[in-house]
Amino acid sequence: MSIRFLSITLLLLSVHLFSQSSANKRLIPKNIPPCCTKVSTANISIDVTGDMYRQQSARYHCVEAIIFRTRNGLACVDPKAEWVQELTAKMTKTDKI
Ligand SMILES: *[C@@H]1O[C@H](CO)[C@@H](O)[C@H](O)[C@H]1NC(C)=O
């Protein structure tokens, strides 16, 4: 009884997740990698790791952004922020982030 309930729950959950992800995909044109849709201006330079950054231009739902690696994953930040300009001046631009 409880196993049956659990499997029905899981089935409903996976159907729900599937329909959600396909709904998201419809909004995003094909062959566009995930991108920053918003940026932060907060100075997180202390969390930035490595010496590479990526510049993203505004396109479709993506906004102009600098992408840094941090210990918590990728961060989308405002290219106009002063701390971002100071940091990128010392770093190497790459497309591999
Ligand atoms: C950003 O934070 C770093 C590290 O705390 C600091 O050295 C730097 O001066 C800050 N930059 C600005 C523009 O506030």
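Hydrogens, waters and symmetry mates play no part in the numbers below; they use all other heavy atoms, side chains included.
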Side chains of N43 and S45: any donor to acceptor distance under 3.5 Å?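 A donor-acceptor contact under 3.5 Å links the two side chains.
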Residues passing the side-chain hydrogen bond (donor to acceptor under 3.5 Å, both in side chains) test with T41, sequence neighbours excluded, are none
Partner set under side-chain contact (heavy atoms from CB on, under 4.5 Å) for D51, not counting sequence neighbours: none
Heavy-atom closest contact ([X] atom, [Y] atom, distance):
X: I67; Y: Q56; answer: CD1-OE1, 3.9 Å
X: V48; Y: L87; answer: CG2-CD2, 3.8 Å
X: V39; Y: A65; answer: CG1-CB, 3.4 Å
X: T49; Y: R71; answer: CG2-N, 3.9 Å
X: M91; Y: M52; answer: CE-O, 3.4 Å

Can you tell me how far the CD atom of Q55 sits from the OG1 atom of T88, to the nearest 0.5 Å?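 The distance works out to 8.0 Å.
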When rounded to the nearest 0.5 Å, the distance separating CZ of R69 from CG of L74 is 6.0 Å
May I ask you to check whether the SG atoms of C76 and C36 are separated by less than 2.5 Å? yes
Just wondering, do F68 and V84 contact through their side chains at under 4.5 Å, heavy atoms? yes
